Number of protein chains: 2
Amino acid sequence: MADSWSSSVDAHLDWAPGSGRKALADAVRKAIRDGRWQPGAVVPSTRALAHDLGIARGTVTRVYSDLAAEGYLESSQGAPTKVATAGAGPEAIPETAYARKPSPRWNLEPGRPDPSLFPRDLWATAAKRVLQHTPNETFGYGEPRGSLVLRTTLAAYIGRSRGVIADPARIVVCAGFSQAITVLGKALQDLGITEMAFEDPSFNRFRNLAEASGQQIVGVPVDEHGLRVDQLTSPSVVVTPAHQAPIGVTMAPNRRTALAGSGAIVIEDDYDGEFRYDRHQVGALQALAPERVVYSGTASKSLAPSLRLSWLALPRFLVDPVIAALEATGTHPGVLEQLILADMISTRAYDRHVRRCRAEYRSRRDKVVAALPAHLKPHGISAGLHLMLPLSREVEATVPGIAARHSLAIHTLAAHRMTGADNPNGLIVGYGAPARNQFAGTLNALQKLLAEL
Amino acid sequence: MADSWSSSVDAHLDWAPGSGRKALADAVRKAIRDGRWQPGAVVPSTRALAHDLGIARGTVTRVYSDLAAEGYLESSQGAPTKVATAGAGPEAIPETAYARKPSPRWNLEPGRPDPSLFPRDLWATAAKRVLQHTPNETFGYGEPRGSLVLRTTLAAYIGRSRGVIADPARIVVCAGFSQAITVLGKALQDLGITEMAFEDPSFNRFRNLAEASGQQIVGVPVDEHGLRVDQLTSPSVVVTPAHQAPIGVTMAPNRRTALAGSGAIVIEDDYDGEFRYDRHQVGALQALAPERVVYSGTASKSLAPSLRLSWLALPRFLVDPVIAALEATGTHPGVLEQLILADMISTRAYDRHVRRCRAEYRSRRDKVVAALPAHLKPHGISAGLHLMLPLSREVEATVPGIAARHSLAIHTLAAHRMTGADNPNGLIVGYGAPARNQFAGTLNALQKLLAEL
């Protein structure tokens, strides 16, 4: 092959005359990568290539020398320059495959706020203000536990909005409850606690993450009053007292008291605490026993899950273990976004946005309830972004097929029941998911589904 | 105690007449939390409290009922309402303690870009554009491997700027190299690879994270040509070929070739690849063996570490294991910031900013070199944000004391040598760290330190 390279035409270089040295180096690299200049092959002499390309020989010499420094070429004293053998045959890079299954036309999956409600203008205004005024240290490494500005703002916010007892030193900012449960799982493990109870049913994603963090997972049944605290034997437990995920009940007062006094370490996932419709808010369980209960709040429902911003208010004994576990993950949320959230909260733009969303979701809740056939009694309608319709086990099993025919993404309790559990059975209607202009169509699809059950 | 509560004065409620039901509930909650309303104590009757406060009895009844629902109070048929016992004595929350040691006046720590160079205006402009134009799905959950928009932009960017061979399907966005090394450690472990070599010396932070992720850490010496590839026996290795961290050498061509062909899985930490001053850029090692080398780039030096944004270009066999490991961490960087970075890269605002920073750091490099006493020969001056001054072991050991006297934060190689290693010894001068208006003072502190060594 080397012989044929007396001409640059044979060298297959994608190089236009006059485009300069860098372009020539790029062309040679490309030829090597593409396998047109084969590993081990002698390259055209500098004289020949310069002549054929009509450029100075020194230019070619310099390009070869650069490429030798990069390892594309090998040159040794007295021997012809060759294509380096380590550059050999990178396996063909496969065609990029983004093909995913097409999403269903309509979506009622739980745990999703309407992305069209994201307050773009409020966020942009807050971002501009933060970028104008924040001190330079914002652009350093940042505190692993989260920005002090945000932690101070959150301590006041969760105190006033959710009755949480917290000071900024006990707050840790996380990238969503997903990261929080992972970090808590590790921190508890470091303290010798390796079993974590979850409500049965509960969202399987968090159980899986807790398990991956090293915890053994145990289920405790939920009834119409919430967690069966009398059946709790694990040293730690994750609960959703304000609006059980996914069946929707609110934990009864005596259960709250019993749980707070049970001695277990309680992780209170207050995932949709801002969205309560029918009565005065139920304050956080955490306030009953701030040294036993971890409070977890999030911007995933109130703003957007893609922000990856949540917060923990921790019992004192967990502060250091949680920060250590967080540092071992090597990551924390970006500081700019923390400061923008803090700005929105302290200017009350966040409150105004939450109220606007609450009105929207409440109206959807009303429309879903009004659209239900008389024989279906919804559970969990007083709060949150989803409600639950009890079904028999047999009817529940027919949902996926029917939903697929109507191109509707919707969950039943099946995926969230824990191994071996026989009940409850039902349909979860996540009415937060559709964009506003999709809601009517989605509701229509739901009605068709219900009519066929 | 119950007897004395016939008057609201004795009830110690922080409540102003006319402030409403919510304020009354807050006041009672606070009284219980503070221990003024003791656990188990009978509370004032609704009649008595209403009378004393001069409000409707129904208001008090409603407040009691709300607080019972929250678990603060216990009421049962026919018995007087009491303060719930689980509300008992949350341990006193300690005074918030933010006290940290005061930072030294001057800073020459490595790995830190000047935070005052962060392009606030460019970022704000890009943020505004993204918020105006991004589709609603941006505010959903986001892809764990990173936004497709950013991955597509990065594939082109690292191809053109660093010669990396990548397509968007092989790129994974991480929250900094710290998260990347953690995730890579786990992914390799899942593939049965449990030993990871590091350059000796190398920044200890990443070794610690790799170890925490389950890898056994092994050191391989570095000489003036970079990693001693002939001494590499581990199945995987982390290297900094463009500008060795911390000693500053550039890996020699034959070492690059040997490493690419060694069969080891190579993690190329291209942490400051954009900052090369004295010659044509040295392209990424990855291009020599894209199926064996993981390329890692970052915005931590070019923009700000607090953004927590970095990227990996992966060999095909590692794509799925890395995504699985990343999902198990429960987190990925915020999507908005990913899109803002993509916007900056594709509008070339990022390139312009990098050029501006390069000129600034190059000028600092020149000033540091000019300020050195004749007997100190700097290493690693052709690139990056730091250089290294070799010292004897004895002199190195005197640095911390002298630096403290001059209030200068600066590293020696001591912290970064691996256990048992005797050399190299030296001082690391991280000239990126000071803000622009602090540089002259910092250089002055360095000169004083050097004069005393």
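Numbered from 1 within each chain, the chains take letters A, B, ... in sequence-line order. A quick note: this is a predicted structure, and the numbers were derived from the prediction, not measured.
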Would you indicate whether the side-chain heavy atoms of Trp123(A) and Leu336(B) approach each other to under 4.5 Å? yes
Give me the atom names and distance for the closest heavy-atom approach of [X] to [Y].
{"X": "Val319(A)", "Y": "Ala169(A)", "value": "CG1-O, 3.8 Å"}
{"X": "Leu209(A)", "Y": "Ala328(B)", "value": "CD2-O, 3.6 Å"}
{"X": "Phe317(A)", "Y": "Glu291(A)", "value": "CE2-O, 3.4 Å"}
{"X": "Ala166(B)", "Y": "Ala313(B)", "value": "CB-CB, 3.9 Å"}

Quick check for you: among [options], which has the greatest number of heavy-atom pairs under 4.5 Å with chain B?
{"options": "Pro315(A), Ala304(A), Gly176(A), Pro241(A)", "result": "Ala304(A)"}
{"options": "Thr134(A), Leu73(A), Val130(A), Leu259(A)", "result": "Thr134(A)"}
{"options": "Gln179(A), Arg120(A), Glu337(A)", "result": "Arg120(A)"}
{"options": "Ala435(A), Ala252(A), Gly163(A)", "result": "Gly163(A)"}
{"options": "Pro113(A), Ala212(A), Pro305(A), Ala180(A)", "result": "Pro305(A)"}
{"options": "Leu131(A), Thr182(A), Thr138(A), Val335(A)", "result": "Leu131(A)"}

Residue part contacting chain A, namely of [X], when any heavy atom lies under 4.5 Å:
{"X": "Ser147(B)", "value": "neither"}
{"X": "Phe118(B)", "value": "side chain"}
{"X": "Gln338(B)", "value": "neither"}
{"X": "Ala124(B)", "value": "both"}

Salt bridge (charged side-chain N to carboxylate O under 4.0 Å, His left out) contacts in which one or both residues fall within residues 129-142 of chain A, not counting sequence neighbours: Arg129(A)-Asp343(A)
So for [X], is it side chain, backbone, both, or neither that comes closer than 4.5 Å to the heavy atoms of chain B?
{"X": "Gln132(A)", "result": "backbone"}
{"X": "Ser213(A)", "result": "neither"}
{"X": "Pro135(A)", "result": "backbone"}
{"X": "Arg255(A)", "result": "neither"}
{"X": "Ser116(A)", "result": "both"}

With distance as the sole test, does Arg151(A) use its side chain to make a donor-acceptor pair with the main-chain N or O of Pro168(A) at under 3.5 Å? yes
Among the listed options Cys174(B), Pro115(B), Ala68(B), the residue most often paired with chain A at heavy-atom distances under 4.5 Å: Pro115(B)
With sequence neighbours excluded, what pairs up with Ala242(B) under the side chain to side chain contact (heavy atoms under 4.5 Å, CB included) test? Arg162(B), Asp270(B)
Could you check whether Thr331(B) and Arg308(A), counting side-chain N and O atoms only, form a donor-acceptor pair closer than 3.5 Å? no
Between atom OG1 of Thr152(B) and atom CG of Leu148(B), what is the distance when rounded to the nearest 0.5 Å? 4.0 Å
